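Note that the structure is predicted; figures quoted are calculated from it, not measured. Atoms within a ligand are numbered from 1 in the order they appear, just like the ligands themselves. Starting from 1, each residue takes its place in the sequence as its number.
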Amino acid sequence: MSGHGTPVPMTSRACGPLTGVAEVPGDKSISHRSLILGALSVGETRITGLLEGDDVLDTARAMRAFGATVTDHGGGAWSVQGVGVGGFAEPSGVIDCGNSGTGVRLIMGAMATTGITATFTGDASLCGRPMGRVTDPLALFGCRAHGRQGGRLPMTLVGAADPVPVRYVVPVPSAQVKSAVLLAGLNAPGETVVIEREATRDHTERMLAGFGAEIDVEQTDEGRVITLQGRPELQAQVIAVPRDPSSAAFPVCAALIVPGSDVLVPGIGLNPTRAGLFTTLREMGADLTYENEREEGGEPVADLRARFSPDLHGVVVPPARAASMIDEYPVLSVVAAFAQGKTEMRGVKELRVKESDRIDAMAKGLRAAGVTVDEGEDWWVVTGLGHGQVPGGNTAESRLDHRIAMAFMVMGMATQQPVSVDDGSPITTSFPIFGPLMASLGALIDGSKA
Ligand code: S3P
């Protein structure tokens, strides 16, 4: 929910080997989509392994506000009684999506082609993020948006009572934009076509097919062409949410930089549109293996085993890989600080419009910890100091950004001096058990409420 409580300062200090099993929570992207598609279906969707982080809980509340019956059965088991495509009711209050760009953008898409009006808001981070990237294509369906200057929240959307289908080339590599257009296309008659030049996470396409929509994906010279037939009757599904690779990144990276560590992170979704970090880490010399590879609920899944990796070296991360690891650059930059040589991260302009400007937030914190970082608008380079050589001793600003807070907590596990963040409370948006889970492996984190 928007607004922000008392800051929770956190400090992480050098620890002994991290060992054990890290059962990270459910995938955030799939959790949002499970609730939203469940709400747009006919019948009862049953979900297990839902991420019960603040972002997803805000989406659950929003689906109730639009008329779906969303029930928490405990232990990550939820059900959604849907209202069907086009069945959203007009909410009586403001929809507060808290910190979640995914939540607000996908929900805007889902309501944009129904003849209702809804007002959206969020916390200070979300109210600073660009919404024009979503409201521009939604306008093509006939939806009108009235927000603050620069297309910021709070914002009111007047849905199109008589929507028309669209053909839209997504101008930025963004699964949120692609998904918003596809969800809007559900209630437009005829064929909505979305073209993305660079492939981004494809959970929406996979899940729409799973819910019974007619959706076709074709790789052409223009890019990935996604064609959706409007006005399907989506059928309720049974969904087991795989564990989140973006959350797995934290115990995995911690194990690589803390001497003697050996951590198993089971049941991680390894959809190729999400697994770029693990490819990069292996290229850097990480002792990271996939065990028990299998398929669950239409997604590739494996148990990850990460061990301390004494010979990490810098690499060039190609721009083409950016979309598949966009949320993992903060923690990658931490691993890069403990590697030998430079790690170059290019084609990453999108990092500047996440929950925070992630290049700026990490660069400032890394420099304060004694690490050299060079940056430009869409690139940054971290010059590694090697294991045991990173001074630390700084307090980084987390800027309402969960991944910045967790990245610096991982860093402090292997620096010479402890590393603090001014506010670890945003961690609950995506990884509410981060503190206790890392402590169970042997991490020494003070002040954690998460
Ligand atoms: C997400 C897409 C990504 C990612 C976010 C989740 C999604 O954002 O950063 O955490 O679930 O679609 P963009 O689509 O803006 O790149």
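In terms of heavy atoms, E23 sits closest to P266 at CG-CG, 4.1 Å. Here the closest non-hydrogen pair linking P232 and L186 is CD-O, 3.5 Å. Counting all heavy atoms, side chain and backbone alike, D72 lies closest to E52 at OD1-OE2, 4.0 Å.
No side-chain donor-acceptor contact under 3.5 Å links K28 to the backbone of D244. Of the possible donor and acceptor atoms, one in the side chain of R64 sits under 3.5 Å from a partner among the backbone N and O of V70.
Close approach of ligand 1 to T102 is summarised as follows: ligand atoms under 4.0 Å from at least one heavy atom of the residue are 1 (C), 5 (C), 6 (C), 7 (C), 11 (O). Close contacts between ligand 1 and K28 involve ligand atoms 10 (O) [criterion: under 4.0 Å to a heavy atom]. In summary, the atoms of ligand 1 found under 4.0 Å from a heavy atom of I326, numbered by their order in the structure, are 9 (O).
In terms of protein heavy atoms, atom 4 (C) of ligand 1 is closest to D327 OD2, 3.3 Å. Nearest to atom 11 (O) of ligand 1 among the protein's heavy atoms is S29 OG, 2.7 Å.
The CD atom of E350 sits 6.5 Å away from atom CD1 of I326, with the distance rounded to the nearest 0.5 Å.
Residue nearest to atom 12 (O) of ligand 1, selected from M325, R33, H32: R33 (by heavy-atom distance).
Distances between N or O atoms of V177 and those of ligand 1 include no value under 3.5 Å.
By the criterion of a heavy-atom distance under 4.0 Å, neither the backbone nor the side chain of H203 is placed next to ligand 1. With a 4.0 Å cut-off on non-hydrogen atoms, K178 does not touch ligand 1 at all. Contacts of K354 with ligand 1, taken as heavy-atom pairs under 4.0 Å, involve the side chain alone.
Using a 4.0 Å cut-off between a side-chain N of Lys or Arg and a carboxylate O of Asp or Glu, D54 and R61 do not qualify as a salt bridge.
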